[in-house]
Amino acid sequence: MNILILGSGGREHALAWAVKQNPKCDRLIVAPGNAGIAMLAECADINILDGATVVTFCEENAIDFVIVGPEAPLAAGVADACRAAGLLTFGPSAAAARLEASKAFTKEICDACAAPTAGYARFTEAAPARAYIAEKGAPIVVKADGLAAGKGVIVAMTEAEALAAIDDMFGGEYGAAGAEVVIEEFMAGEEASFFILTDGTHALPIGTAQDHKRVGDGDTGPNTGGMGAYSPAPVLTEALQQQAMEEIVLPTIAEMALRGTPYQGVLYAGLMIENGKARLVEYNARFGDPECQVLMMRLGAQALDLMLATAEGRLDQVQVNWGDDHALTVVMAAQGYPGGYLKGSQIRGLEELPEDSRHMVFHAGTATRDAQIIATGGRVLNVTARGETLQQARDAAYALVDRIDWPGGFCRRDIGWRALP
Ligand code: AMP
Ligand code: GLY
């Protein structure tokens, strides 16, 4: 079959890498793609936020299956447009993607199905929001309701920080995303990610992972999109996964169906684990980035079969074949990230690295210039390896990192620390 993947990051490189290994895949196109993706698929520079453009492209290229990677096209209704045109599509409708696109909506769903999450209140004006913060005290969490490229959440350790966040949000710093604000109870504990495929009715867990949000070793410095991940996350035990399914995920899926907006695609549940219980931090309507890279490294070719079963509404008929393995990815970022960073620096040594079912460098922000790979984004490479143990996966990933000649880049040296002795 002919397959189109939408997106241009390390997540989409990993999806393309897994899909390409499946013999069902004939032609693979990624739009817009990047320099790494171009080594294994065709890339097409189209506007992936416009449903009509994507549908026309699919018709012209006889596409049989569309996989939507990032949240922006989902929130823009691109999966709806594809399905309306009769295209088999992996990814939720805009109405269902509100689980990521609106934090207030997610809270409403949690209320409706009694899913455990942080206590909260919602505001559209600054004065009552400020009064609420004064009443509750710090630590407290202030969130812009809408999509803010991962920047709309302020975990305020002091009241002053929380009040400043209110000023920023109602002052327009986050645009329309900040027109409504959710203020939440601060949850202590350890965070982990849980990934579930759902066709709207059936649900199939496909793995756990842990991300590293801070830029510096030991979880220090500013927040980023994620500096590395590993899978599985031992903190999410079988018992916790079961609790999360029963109390959070399945009730959410049922509530979405009940409202006439069934959720189809991957549901990414960000969980906080404290005292042996998981509570929901947030949902995302897509695979995590860089968590997808470790999930795909572990799932391989079967990822395509699972996504097809999701889109075709037959998830009850498939299962995941797990190896007893571990995967770890180290994000290499451009110097300066997550602040202003260097663009256009040259990366050498990639062509000499192994690329097989245990080692892969996924590209997140690269381009080719004069036959050389250059960095174009903040997060640039996802150096990924698999092993029988987490330690082996980590050693293999850092051995690859050390062979990459890129003075313009840096990475954390402690990915996996929470799960390693
Ligand atoms: P989000 O964009 O919702 O993922 O939030 C970004 C990060 O903020 C999460 O990954 C958590 O680390 C943190 N966070 C969000 N909500 C809370 C909360 N209620 N308590 C503690 N930390 C939170
Ligand atoms: N790695 C966090 C995310 O994809 O939202």
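Reckoned from all heavy atoms, side chains included, excluding hydrogens, waters and symmetry mates. If you read the sequence from its start, that first residue is 1, and numbering goes on from there. Counting starts at 1 for both ligands and their atoms, in listed order.
The contact set between ligand 2 and Glu291, taken as ligand atoms under 4.0 Å from a residue heavy atom, comprises 1 (N), 2 (C), 4 (O). Within ligand 1, counting atoms from 1 as listed, the ones closer than 4.0 Å to a heavy atom of Lys213 are 10 (O). Counting the atoms of ligand 2 from 1 in the order shown, those under 4.0 Å from a heavy atom of Gly225 are 1 (N), 2 (C). Heavy-atom contacts of Gly288 reach the following atoms of ligand 2: 4 (O) (cutoff under 4.0 Å). Listed by number with element, the atoms of ligand 2 under 4.0 Å from a non-hydrogen atom of Lys213 are 2 (C). Within ligand 1, the atoms closer than 4.0 Å to a non-hydrogen atom of Val155 are 8 (O), 13 (C), 14 (N), numbered from 1 in the order shown. Atoms of ligand 1 lying under 4.0 Å from at least one heavy atom of Phe186, given by number and element, are 20 (N), 21 (C).
When the options Glu185, Arg279, Arg214, Glu191 are ranked by their closest heavy atom to atom 10 (O) of ligand 1, first place goes to Glu191. Among Lys143, Glu282, Glu100, the residue whose heavy atom lies nearest to atom 16 (N) of ligand 1 is Lys143. Nearest residue to atom 4 (O) of ligand 2 from Asp211, Asp289, Asn284 is Asp289 (criterion: closest heavy atom).
The cationic atom of Arg98 (NZ for Lys, CZ for Arg) lies less than 6.0 Å from the six-membered ring centre of Phe105 and within 45° of the ring axis.
Checking Gln243 against Glu247 by side-chain atom types alone, a donor-acceptor pair falls below 3.5 Å. A donor and an acceptor atom, one from each side chain of Gln210 and Tyr230, are located under 3.5 Å apart. Judged purely by distance below 3.5 Å, without hydrogens or angles, the side chains of Thr252 and Tyr283 pair a donor atom with an acceptor atom. Looking only at atom types and distance, the side chain of Arg298 has a donor-acceptor partner in the side chain of Ser231 under 3.5 Å away.
Considering backbone and side-chain N/O atoms, Met272 never comes within less than 3.5 Å of an N/O atom of ligand 1.
If you check which protein heavy atom lies closest to atom 5 (O) of ligand 2, you get Arg286 NH2, 2.9 Å.
Residue-environment remark: CG (Asp356) exceeds the threshold of 12 foreign heavy atoms within 6.0 Å.
Here the side chains of Ile248 and Leu271 are in contact, with some heavy-atom distance below 4.5 Å.
By the 30° and 60° cut-offs, the orientation of the rings of Phe195 relative to Tyr268 is tilted. Note on ring orientation: taking the six-membered ring where Trp is involved, the planes of Tyr132 and Phe123 are tilted (angle from 30° to 60°).
Using 4.0 Å as the threshold, Phe287 has no heavy atom nearer than that to any atom of ligand 2.
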